[in-house]
Amino acid sequence: MRGPQSQPQPPGQSGPAGADAPQSPRVPARLVACPDCDLLHKLTPHEPATLLCSRCGAVLHRHKPDSVARSLALTLTALILFVLSNSFPFLAIKSGGLVQETTLLTGIRELWKQELQGLSCLVLFTCVLVPLVQMIGLLYILAPLQWGRRPALHAARVFRLVQEVAPWGMMEVFMIGILVALVKLGHMATIVPGVSVFSFGVLIFVMAGAYSSLDAPLLWDRLDLRR
Amino acid sequence: MNVRPSTARQLGLVNCHDCHLLVDADQARTHARCPRCGARLHLRKPNSLARTWALVWAAIVLIVPANVLPITVTITLGAKQADTIMSGVIYFMQTGSWEIAVVIFVASIFVPFAKLSILIFLLLSVRFRSAWRPKDRTTLYRLTELVGRWSMVDIYVVTILVALVKLGAVAAIEAGPAAVYFAAVVVLTMFAAESFDPRLMWDVVEEDV
Ligand SMILES: [Zn+2]
Ligand SMILES: [Zn+2]
């Protein structure tokens, strides 16, 4: 039986199983196929920091120093900010003697009450559930790796889920929505941005940092439990 | 760089969509799932062209009511005012918030139309086995994947306004029917971009050489 899998191993990082893994004669070591045009590339030990597909320009590999520790720290920070953002109102609206405060969750409930269940679910999904799945999933994957343990149960499946839901996490788009709503409402009433707007603003950058410091090929390699 | 002028397909390898593990095509046939991450293995995204066409057509149908019907209805002291996406943009321009007008125009009108046009162009280029600038077409594809999410801005603005402005008799904002249509357009075009496989553009170029 031949071992038909190649191991796209990032350079400079020594995973638990690396170049000594059995390779089939048909699949030479460390080949990666471009996800956008299918061209095969050979990963050399001394590759540049960023490897682009020579044919279509897709990013095939980007070397990220200290990836696990950094993304773990950023994800933890993001989770704390997320809890903060959901505990405080993001906007207060004053008109006459009335003051109304809205948190993300009360806003979603308000939509539901106004017979806009579809939109309510969409906001709940894209701004609460997906980010939550992303953060908890990343913690679940990264924490055991950081402390040198074996990967958590089904960690590879969890990582797949985290990557698949990523396009649907839209907190940064929601943030722009808040800013536009602020301007629009400014013509009608007095608007006071809440604590949550600021923690939300920071959260978006922390979350983006957590994702961009992820070294996906390295993680896949370390989560690989086939040997 | 060490570049082999061959593709995974030519060497009989399947690239896992999720973890980018290269799996022998023979093995991929017997084990339909990736041995590393458990994703379903396909040489190319299944039924990519038909699915993308279907989603694009659905989006084209829905983009009409999304732009014609009101997206918000504002009730101020008993007076009702219905706003479409475009009249919202004009309102922001007239009140001097032209930067907000630009944001809404780009996110809600320019991006959805551009995204649909690009997807149709890419689909036709595969259909007619075009060899024209595959690299630029791949870049276009990556662009549509990247910007699609930003169209959701207007939906969020509407939901925030609706949730927030309920000051009894003074003012209230209700979501119009276009909000649902527009949200559907954004979701459909995101699925359409996801189901298109850019490698098909390269396949036809290679086959025709
Ligand atoms: Zn490529
Ligand atoms: Zn896989």
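Proteins come first, then strands; the chains are lettered A, B, ... in the order of their sequence lines, and each starts at number 1.
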When heavy-atom pairs shorter than 4.5 Å are enumerated against chain A, which of B:V187, B:D154, B:L146 gives the highest number?
B:V187
Sub-4.5 Å side-chain heavy-atom contact between A:W220 and B:L21:
no
salt_bridge(A:R55, B:E206) N-O dist < 4.0 Å:
yes
Under 4.5 Å from any heavy atom of chain B, what part of A:C34 do you find: side chain, backbone, both or neither?
backbone
CG-CG distance between A:L39 and B:N15, expressed to the nearest 0.5 angstrom
11.5 Å
Proximal component of A:F90, with respect to chain B [non-hydrogen, under 4.5 Å]:
side chain
Is the number of heavy atoms from other residues, nucleotides or ligands under 6.0 Å of B:F110 CZ greater than 12?
no
d(A:L122 CG, B:T159 OG1) to nearest 0.5 Å is 8.5 Å
With a 4.5 Å cut-off on side-chain heavy atoms, are A:L223 and B:R36 touching?
no
Validation row: A:V180, B:Y156 side chains within 4.5 angstrom (heavy atoms):
no
Please report the shortest heavy-atom distance between A:L116 and B:A175, naming the atom on each side.
CD1-CB, 3.7 Å
Could you tell me which of B:M152, B:R142, B:R9 has the largest number of non-hydrogen atom pairs under 4.5 Å with chain A?
B:R142
Any chance CZ of B:R127 has more than 12 other-residue heavy atoms, nucleotides or ligands included, within less than 6.0 Å?
no
Heavy-atom contact with chain A under 4.5 Å, split by part of B:T74:
side chain
Proximity breakdown for B:A107 and chain A, heavy-atom pairs closer than 4.5 Å
neither
Checking heavy atoms, do the side chain of A:E164, its backbone, both or neither come under 4.5 Å from chain B?
side chain
Between the CG atom in A:L161 and the SG atom in B:C37, the distance rounded to the nearest 0.5 Å is 11.5 Å
Enclosure of B:N47 CG (heavy-atom neighbours >12, cutoff 6.0 Å)
no
Turns out that what part of A:I178 lies under 4.5 Å from chain B's heavy atoms comes down to both
Chain B interface, residue from A:G57, A:A156, A:G107, A:A92 that has the most non-hydrogen pairs under 4.5 Å
A:G57
Taking the side chain as everything from C-beta on, heavy atoms only, tell me whether A:F159 gets closer than 4.5 Å to B:C19.
no
Interatomic spacing from NZ in A:K184 to OH in B:Y91 - rounded to 0.5 Å
6.5 Å
Between B:R149 and A:P167 (side chain of the first, backbone of the second, donor and acceptor by atom type, cut-off under 3.5 Å), is there such a pair?
yes
Roughly how far, to the nearest 0.5 Å, is the CG atom of A:L185 from the CG atom of B:L161?
5.0 Å
Between A:D36 and B:R199, does any NZ, NE, NH1 or NH2 come within less than 4.0 Å of an OD or OE carboxylate oxygen?
no
Beyond-backbone contact of A:R160 with B:C34, side-chain heavy atoms, under 4.5 angstrom
no
How far does SG of A:C37 sit from CG of B:D203, to the nearest 0.5 angstrom?
10.0 Å
May I have the step-by-step check of side-chain contact (heavy atoms from CB on, under 4.5 Å) for B:V162 and A:E110, ending in yes or no?
CA-CA 8 Å; B:V162 169; A:E110 192 60 40; over 6 Å; no
Would A:L40 and B:T7 count as a side-chain contact (heavy atoms from CB on, under 4.5 Å) here? Give the steps.
CA-CA 5 Å; A:L40 286 169; B:T7 63; 5.7 Å; no
Please say whether more than 12 non-hydrogen atoms of neighbouring residues, nucleotides or ligands are located less than 6.0 Å from CZ in B:R51.
no
Would a 4.5 Å heavy-atom cut-off, applied to side chains only, mark A:I176 and B:V103 as touching?
yes
Tell me if the CZ atom of A:R109 is crowded by more than 12 foreign heavy atoms within 6.0 Å.
no
So which part of B:E174 gets closer than 4.5 Å to some heavy atom of chain A, the side chain, the backbone, both or neither?
neither
Are more than 12 heavy atoms, taken from residues, nucleotides or ligands other than B:Y181, located less than 6.0 Å from that residue's OH atom?
no
In this structure, which one of B:I160, B:V153, B:V157 forms a side chain to side chain contact (heavy atoms under 4.5 Å, CB included) with A:F174?
B:I160
Looking at side-chain heavy atoms only, is the closest gap between A:P217 and B:H20 below 4.5 Å?
no
At a heavy-atom separation under 4.5 Å, does B:R137 approach chain A through its side chain, its backbone, both, or neither?
neither
Does the side-chain contact (heavy atoms from CB on, under 4.5 Å) test come out yes or no for B:W150 and A:E172, once each step is laid out?
CA-CA 9 Å; B:W150 291 96; A:E172 72 278 28; 3.4 Å; yes
With a 4.5 angstrom heavy-atom cut-off, could you sort out which part of A:K113 is near chain B: side chain, backbone, both or neither?
neither
Using a cut-off of under 4.5 Å for heavy-atom pairs, which of A:G118, A:G177, A:C127 has the most such pairs with chain B?
A:G177
Backbone N or O of B:W202 within a donor-acceptor pair of the A:D38 side chain at under 3.5 Å?
no
For B:A163 and A:T102, which heavy atoms make the closest approach, and how far apart are they?
O-OG1, 4.5 Å
So which part of A:A58 gets closer than 4.5 Å to some heavy atom of chain B, the side chain, the backbone, both or neither?
both
